[in-house]
Each structure stands twice: as structure tokens, then as C-alpha cells.
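Below is one structure; the comments refer to it alone.
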Amino acid sequence: MDLDDARLRELWQRQPPPPAPAPRLMARVCRHRRIAALWRALEVALTLGGAALLLWPGADGGLAPRQWLLIPFFAAFLAVAWAIVLRGRTGPRALAAEDGAAYARARQRQLRGSLRDLRVAELAATGLLAYAGVALAVCLVAVEAWRADAAVLFAWGALWWTGTRWLVRRRRPPLRAEYRAMARLLR
């Protein structure tokens with residue numbers, strides 16, 4: 001059987017959309033979006049709670065060295081990260097009713113967003129590790145309490161960087177492969 005790829009692609013792109021999205025499919029999509037929104041709300045609440053606890057003065061009325069080391073992280077890094085993550089990137093809601101080419105373009109946009117989020121996560125983890133390294137280097141000449149807290153911050157930064165690198169290396173290849181497959185469909 002001799003099939004031409006261009007002809008198959010043309011037939012696939014001309015495939016008429018279904019008359020209406022299946023109610024079960026739309027219910028699953030809505031449920032998935034609600035769960036994702038709840039997770040983001042929980043993450044934001046935990047971040048704000050951590051920042052509030054961090055900025056709460058100790059028993060002596062001042063901030064501990066560990067708090068001073070973490071304030072830039074919570075004040076700048078997390079604020080920028082959440083601004084990037086929470087920006088609205090919702091696509092059209094009725095993709096199930098579109099033709100194949102429209103779905104492929106929308107899926108490609110979603111995959112680009114996922115790849116961008118992985119890149120942001122990787123850069124953020126590297127930035128945190130760099131900040132922790134600089135803080136450790138500066139605190140080596142400081143009082144012992146600052147050195148110990150800077151070492152703890154560096155250890156957590158290294159752990160976070162390692163975990164993020166593992167996650168990115170695990171998730172990026174399948175996303176890239178699917179992105180390339182969608183690009184081939186649209187040619």
C-alpha cells in the first residue's frame with residue numbers, strides 16, 4: 001500500500017470537526033482545570049504563609065540571620081516566579097469542536113508554554129543556587145550564626161537545584177517530541 005504523507009496530512013486537516021464536544025470530555029476538562037486552579041491557589045497560599053512567617057520578628061523583636069538571608073528570596077525571586085506562572089495562558093475552550101489543524105496549533109502553543117515553564121524553573125533554581133553561593137561566600141567572613149544559616153541555605157538551594165534539574169531532564173524530552181510531532185502534522 002503506497003500512501004503519500006502529504007495526501008494523508010491534507011485528508012487529516014480537512015477532517016470535519018465533531019458536531020459537539022462530548023459532555024464527558026468537557027466535564028473532564030473542566031474538572032482538570034478546577035484541580036489545577038486549586039493547586040495554584042494552595043501554592044500561592046503556602047508561599048504567602050511562608051513569607052509572613054519569615055518576616056515575623058522573633059522573641060527579641062528582631063530578625064534572625066536566617067530570616068535576613070531568605071528575605072531577598074521571598075521578596076524578589078518568588079514574586080517574579082509567581083508573576084510568570086500565574087499570567088493567563090488559557091487557550092480556546094472548545095478545541096474538541098475544531099478541526100485537526102486547529103487542535104494541533106493549540107496543542108503546540110500549550111507545549112511551548114510547558115517548555116517555557118520548564119526553562120523558567122531551571123533558571124530560577126540556578127538563580128537560587130547562585131544567590132545561596134554568594135550568601136555563603138559573603139557569610140564566611142561573618143559571625144558564626146550567619147555562616148551556619150548561609151550553609152543551610154546553600155544546602156537547600158543545592159537540593160532544590162538538583163531536584164529541578166532531574167524534573168526538567170525527565171519532562172523536557174517527551175514534550176519536545178510531541179511538539180515536533182505537532183509541527184510535522186501542520187506541514
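Below, each value reflects all heavy atoms present in this structure, side chains not excepted, and no hydrogens, waters or symmetry copies.
Counting all heavy atoms, side chain and backbone alike, Leu118 lies closest to Val168 at O-CG2, 3.7 Å. Looking at every heavy atom in both residues, Trp160 comes nearest to Ala125 through CD1-CB, 3.8 Å. Between Gly157 and Leu129, the shortest heavy-atom distance links the atoms C-CD1, 3.8 Å. For Trp146 against Cys139, the heavy-atom pair with the smallest separation is O-CB, 3.8 Å.
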**Message:** Run Gln108 and Arg105 through side chain to side chain donor-acceptor pair (under 3.5 Å) and show every step you take.
**Reply:** CA-CA 5 Å; Gln108 218 176 8; Arg105 281 189 295 277; over 6 Å; no
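Hydrophobic clustering (side-chain heavy atoms under 4.5 Å, transitive across Ile, Leu, Val, Met, Phe, Trp, Tyr) groups Leu136 together with Trp161. At a threshold of 4.5 Å between side-chain heavy atoms, the hydrophobic network of Ile, Leu, Val, Met, Phe, Trp and Tyr places Ile35 and Leu42 in one connected group.
In this structure, OG1 in Thr164 is found 9.5 Å from CG in Leu159, a value given to the nearest 0.5 Å. Note that the CE atom of Met182 and the CZ atom of Arg112 stand 12.5 Å from one another [nearest 0.5 Å]. Between atom CG of residue Leu111 and atom CZ of residue Arg116 there is a gap of 11.5 Å, rounded to the nearest 0.5 Å.
Arg28 is not listed as a side-chain neighbour of His32, based on a closest heavy-atom distance of 4.5 Å or more. Looking only at side-chain heavy atoms (C-beta outward), Tyr131 and Leu153 come within less than 4.5 Å of each other. Within the 4.5 Å cutoff, side-chain heavy atoms of Glu122 are placed close to those of Arg172.
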